[in-house]
Amino acid sequence: MARPREFDQQVVLDKAMNVFWSQGYSGTSMSDLTGAMGLSKSSLYDSFGSKHELFLQAMDHYRNNVTARIKSIVDLKAPPKQVIASVVGRAVDRILAPSGKRGCFMNNCAGEVAPTDDEVARRSAAGFSVMEDTFFHLIERGQKQGSIPANKNSRALARFLTA
């Protein structure tokens, strides 16, 4: 009979995501992952599969727990232009912080791995889609309220902000 898991899968997946985020896919070894996650190699493989499968799960974890929170900003009562400025400003602040030189995890995945991995490309696109749709809805609302010029292409602006 197999031993029951003695760890919180979401917690250790978050740790793996942070290792990949800080070091990139290629720069991350199985030793880095087991050390950060506090798991033996056999537990890691039994629970998450290969390094590649763990990376895909880390991308899903990011999209479901980080990117998905962004969707909720559409419902904020603050003016859309102010919400957009806040999102962009916080991203810049995180990137420029002494410990924040990691950038966006989804962008990192897209730049490093997606060109040679269709599954990573698909997951990256799904994450970008969430961001783009969020900006699109904010821009549309801002256009209806008059704070964003109505003659601007809202989808093009959303894509620009996502990039």
Side-chain angles (χ1 to χ4, degrees), residues 8-38 48 51-143 147-149 152-163:
D8 182 323
Q9 188 162 353
Q10 293 303 303
V11 170
V12 295
L13 192 53
D14 194 63
K15 290 176 181 181
M17 178 193 73
N18 279 297
V19 174
F20 285 126
W21 197 348
S22 295
Q23 298 177 195
Y25 180 77
S26 298
T28 298
S29 69
M30 289 304 286
S31 232
D32 295 331
L33 292 166
T34 56
M37 297 167 77
F48 299 99
K51 175 183 168 184
H52 185 259
E53 289 169 316
L54 176 58
F55 183 70
L56 295 175
Q57 290 177 58
M59 289 184 73
D60 291 342
H61 180 74
Y62 180 86
R63 189 182 70 241
N64 294 334
N65 294 286
V66 178
T67 305
R69 283 187 300 221
I70 294 294
K71 289 195 299 191
S72 67
I73 67 172
V74 169
D75 299 324
L76 294 175
K77 300 299 178 206
K81 194 172 177 181
Q82 180 182 334
V83 174
I84 292 167
S86 176
V87 169
V88 172
R90 282 191 314 234
V92 169
D93 289 345
R94 280 191 308 271
I95 291 167
L96 297 179
S99 63
K101 296 183 173 127
R102 300 189 308 176
C104 169
F105 181 60
M106 203 59 64
N107 280 339
N108 296 351
C109 296
E112 179 189 3
V113 186
T116 59
D117 187 318
D118 291 341
E119 194 54 37
V120 171
R122 188 185 68 72
R123 280 175 163 83
S124 296
F128 296 145
S129 180
V130 170
M131 292 298 300
E132 182 181 319
D133 287 345
T134 300
F135 284 131
F136 174 77
H137 292 297
L138 286 167
I139 292 164
E140 292 263 299
R141 192 174 79 199
Q143 288 175 325
S147 62
I148 297 174
K152 301 289 184 184
N153 181 315
S154 53
R155 185 55 70 181
L157 284 174
R159 283 189 183 122
F160 175 79
L161 289 167
T162 301

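The shown structure was predicted, so the numbers you read here are calculated from the model rather than taken from an experiment.
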Are side-chain heavy atoms of [X] and [Y] found at a separation under 4.5 Å?
X      : Y      : value
Asn65  : Gln10  : yes
Phe20  : Asn108 : no
Leu54  : Met37  : yes
Val113 : Phe55  : yes
Ile70  : Ile73  : yes

Taking every non-hydrogen atom, the tightest pair across [X] and [Y]:
X      : Y      : value
Lys15  : Ala36  : CD-O, 3.2 Å
Gly142 : Pro80  : N-CG, 3.6 Å
Tyr62  : Cys104 : OH-SG, 3.7 Å
Ser147 : Lys81  : O-CD, 3.6 Å
Ala114 : Ala121 : CB-CA, 3.6 Å
Tyr25  : Lys51  : O-NZ, 2.9 Å

Decide if atom CG of Asp118 counts as having more than 12 heavy atoms of other residues, nucleotides or ligands within a radius under 6.0 Å.
no

Interatomic spacing from [atom1] in [X] to [atom2] in [Y] - rounded to 0.5 Å:
X      : Y      : atom1 : atom2 : result
Thr67  : Met106 : OG1   : CE    : 4.5 Å
Arg123 : Gln57  : CZ    : CD    : 8.5 Å
Asn18  : His61  : CG    : NE2   : 8.0 Å
His52  : Asp117 : NE2   : CG    : 3.5 Å

Heavy-atom donor-acceptor pair, [X] side chain to [Y] backbone, under 3.5 Å:
X      : Y      : result
Ser129 : Ala125 : no
Ser22  : Val19  : no
Asp32  : Ser29  : yes
Glu119 : Leu56  : no

Hey, can you pull the donor-acceptor pairs under 3.5 Å for the side chains in residues 130-140, sequence neighbours left out?
from   : atom 1 : to     : atom 2 : distance (Å)
Glu132 : OE2    : Arg155 : NH1    : 3.0
Glu132 : OE2    : Arg159 : NE     : 3.2
Asp133 : OD1    : Arg155 : NH1    : 3.0
Thr134 : OG1    : Val130 : O      : 2.8
Glu140 : OE2    : Ser154 : OG     : 2.6

So that I can tick it off, tell me whether Arg63 and Asp60 are bridged by a salt bridge, with the cut-off set at under 4.0 angstrom between side-chain N and carboxylate O.
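Yes, charged N to carboxylate O under 4.0 Å.
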
Walk me through it: do Asp8 and Leu13 pass the test side-chain contact (heavy atoms from CB on, under 4.5 Å)?
CA-CA 9 Å; Asp8 182 323; Leu13 192 53; over 6 Å; no

